[in-house]
Amino acid sequence: MMLKLTAEDQSMLDGEHGRAVAAAMKILVAFSNAVGARQLLDIAGAHIDGCLYHGQASLDFVERLVEGGGRVRVPTTLNVGSFDLIHPGLVKMPAAQEVPARRLMKAHLELGCQATFTCAPYQTRFRPAFGEQIAWGESNAIVFANSVIGARTNRYGDFIDLCCAMTGRAPAWGLHLSENRRGQLLFELTGSFEPADALFVGVGLIVGQRSGDRIPVISGLPQPRDEDQLKALGAAAATTGAVALFHAVGITPEARSLDEAFRGMAPEATIRICRADIDQALAKLSSVPEGAPLAAVSLGTPHFSHDEWTRLLPMLREVAPGRGIPIYVNTGRATLKRLQDEGELHDAEKLNLIPVTDTCTYVTSVLARLDGVVMTNSGKWAHYAPGNIGVSVAFGDLEDCVRSAAAGHVVRGAR
């Protein structure tokens, strides 16, 4: 069945709103027909994943929209780019790459996008509400919006997310529709678990690996300390798999009960997760043993929230790491400004603390050393960094990372 357009959709397609909007609508119509959508729906906002420079084609696409007088029609946030515009001296990049990388970020601003440059737009003032239709790119943001907030988006890739923003429309298919948000696969935690950060990462890794294209429902998960633990679960699940929505029974808004999560239907399969499964999944994130000398710590993938900073800073001040090991913390520029306004980073240099904004240490050249072990509390960072930047990785919870920085080598479980 062909896509049915409204009169406004047709006017955009016909060029009555300018060349850029017409081009975006043409692509959106083709995409919608390809996925079998019958109509388009209004969106309340968008998040664009195309700011990270991967080559000339991505820049050409955005430049064409700028030249056509394009402007986004809904509030639109931007994902990380290849450059830290707040701390430009951090990124080591040849000029031939830096110029187009900077230009790509600037071109999106010229389209009217917000200068958020964060993978965690849900931590900004543009956070969507329950049930709102949005068009988001960036895997962790997508799974967080769908699962933790209960907003509605599909996994939109580069260019399609921007076409949705340019038109204010998205195809009515997939997770935008209530009937497609029902849980399909049940993951049961067996045993007693404390709500430790690593537990949520481990569960996410397993759920991502085993779910395929089905929507997972998780039962037996302890109540999280805060939404950052759910953020870590979703990011891990979207890293090892294609999870765009999970339901955690008694925790997430569309799963107040098991029956609600499955909409009264039986799960297609049940997978039990025990402590040994979680330990095994987490062990695979580390390529070095305990005691290995440490070159750096990297935190904040996805970007560190204000709450995470308020947990980290007292730990650092208590341990007072004095071995000169840099602790990189990737965070949104709005979060960083709030911390600075509060005077919370006055001793950052003394603590060897290096805030990184607008980008992330696993996607661009920020780390001073790549020849040693980097420790992280992020399942996503630990999964991608070895392939992306060639480092050896040690995974541990936040306390382990801080203590390891103080000791100069990998320490786990020291309390």
Side-chain angles (χ1 to χ4, degrees), residues 189-209 220-226 228-233 235-237 239-240 273-302 304-305 307-330 351-353 361-362 372-386 391-415:
L189 271 68
T190 60
S192 178
F193 294 94
E194 293 297 317
D197 292 351
L199 169 68
F200 289 85
V201 173
V203 169
L205 294 170
I206 295 168
V207 166
Q209 290 165 348
L221 194 68
Q223 284 291 330
R225 178 192 62 243
D226 50 37
D228 289 311
Q229 291 186 320
L230 297 176
K231 174 181 76 172
L233 191 160
T239 294
T240 58
I273 301 175
C274 66
R275 184 170 298 280
D277 297 324
I278 292 168
D279 290 344
Q280 184 179 28
L282 293 174
K284 292 178 181 178
L285 293 178
S286 298
S287 58
V288 298
E290 189 165 342
L294 201 59
V297 168
S298 183
L299 308 169
T301 306
F304 238 39
S305 69
D307 286 348
E308 287 175 300
W309 277 102
T310 59
R311 289 182 61 223
L312 170 66
L313 289 168
M315 288 183 201
L316 281 176
R317 289 169 185 143
E318 179 184 350
V319 172
R323 296 180 182 271
I325 293 172
I327 302 169
Y328 299 90
V329 184
N330 304 281
L351 298 172
N352 303 311
L353 194 56
T361 52
Y362 81 90
V373 176
V374 182
M375 194 165 188
T376 184
N377 69 335
S378 164
K380 181 174 184 176
W381 201 96
H383 181 87
Y384 284 126
V391 294
S392 298
V393 173
F395 175 83
D397 63 23
L398 185 60
E399 292 85 350
D400 290 338
C401 290
V402 170
R403 287 179 171 83
S404 296
H409 57 263
V410 177
V411 176
R412 294 193 185 89
R415 297 291 181 265

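Listed here is the closest heavy atom pair of H383 and L285: N-CD2, 4.4 Å. When every heavy atom of G204 is checked against every heavy atom of T240, the shortest pair comes out as O-OG1, 3.9 Å. Residues I325 and A405 approach most closely at CD1-O, 3.7 Å, considering heavy atoms. When all heavy atoms of V391 and G372 are compared, the closest pair comes out as CB-O, 4.3 Å. The heavy-atom pair separating A281 from G202 by the smallest distance is CB-O, 4.3 Å. Closest approach of V402 and M315 over heavy atoms only: CG1-O, 3.9 Å.
Between atom CE of residue M375 and atom CZ of residue R403 there is a gap of 11.0 Å, rounded to the nearest 0.5 Å. Taken to the nearest 0.5 Å, the CG atom of L398 stands 12.0 Å off from the OG atom of S378. How far CG of D197 is from CG of D400: 10.0 Å, rounded to the nearest 0.5 Å. Rounded to the nearest 0.5 Å, atoms CG (L199) and CG (L233) are 8.0 Å apart. Rounded to the nearest 0.5 angstrom, T239 OG1 and Q209 CD are separated by 11.0 Å. Within the model, atoms CG of L294 and OG of S392 stand 11.0 Å from one another, a figure rounded to the nearest 0.5 Å.
The closest donor-acceptor contact from the side chain of T376 to the backbone of A382 lies at 3.5 Å or more, if one exists at all. Between the R323 side chain and the A407 main chain, a donor and an acceptor come within less than 3.5 Å of each other.
Not a single side chain to side chain contact (heavy atoms under 4.5 Å, CB included) links N352 to another residue, sequence neighbours left out. Partners of T361 according to the side chain to side chain contact (heavy atoms under 4.5 Å, CB included) rule, which considers only residues two or more places apart in sequence or in another chain, are S298, Y328, N330, V356, V366, L367, W381. The side chain to side chain contact (heavy atoms under 4.5 Å, CB included) test applied to P195 returns F200, P222, Q229, not counting sequence neighbours.
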Practice task
Please test I327 against L299 for side chain to side chain contact (heavy atoms under 4.5 Å, CB included), starting from the C-alpha separation and ending with a verdict.
Solution key: CA-CA 8 Å; I327 302 169; L299 308 169; 4.1 Å; yes

Practice task
Take D277 and I206 through the side chain to side chain contact (heavy atoms under 4.5 Å, CB included) test and state the conclusion after the steps.
Solution key: CA-CA 8 Å; D277 297 324; I206 295 168; 3.9 Å; yes

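Between K284 and F395 there is no side-chain heavy-atom pair separated by less than 4.5 Å. For the pair V203 and F193, the minimum side-chain heavy-atom distance is 4.5 Å or more. At least one side-chain heavy atom of V329 sits less than 4.5 Å from a side-chain heavy atom of L312. Side chains of L353 and L313 form a contact here, defined as non-hydrogen atoms less than 4.5 Å apart. Put simply, the side chain of V297 does not reach to within 4.5 Å of the side chain of V374, judged on heavy atoms.
Under 3.5 Å, the side chains of R412 and S286 contain a donor-acceptor pair of N or O atoms.
At most 12 heavy atoms of other shown residues, nucleotides or ligands fall within 6.0 angstrom of atom CD in E318.
Classification of the F304-W309 ring pair by plane angle, with boundaries at 30° and 60°, yields perpendicular.
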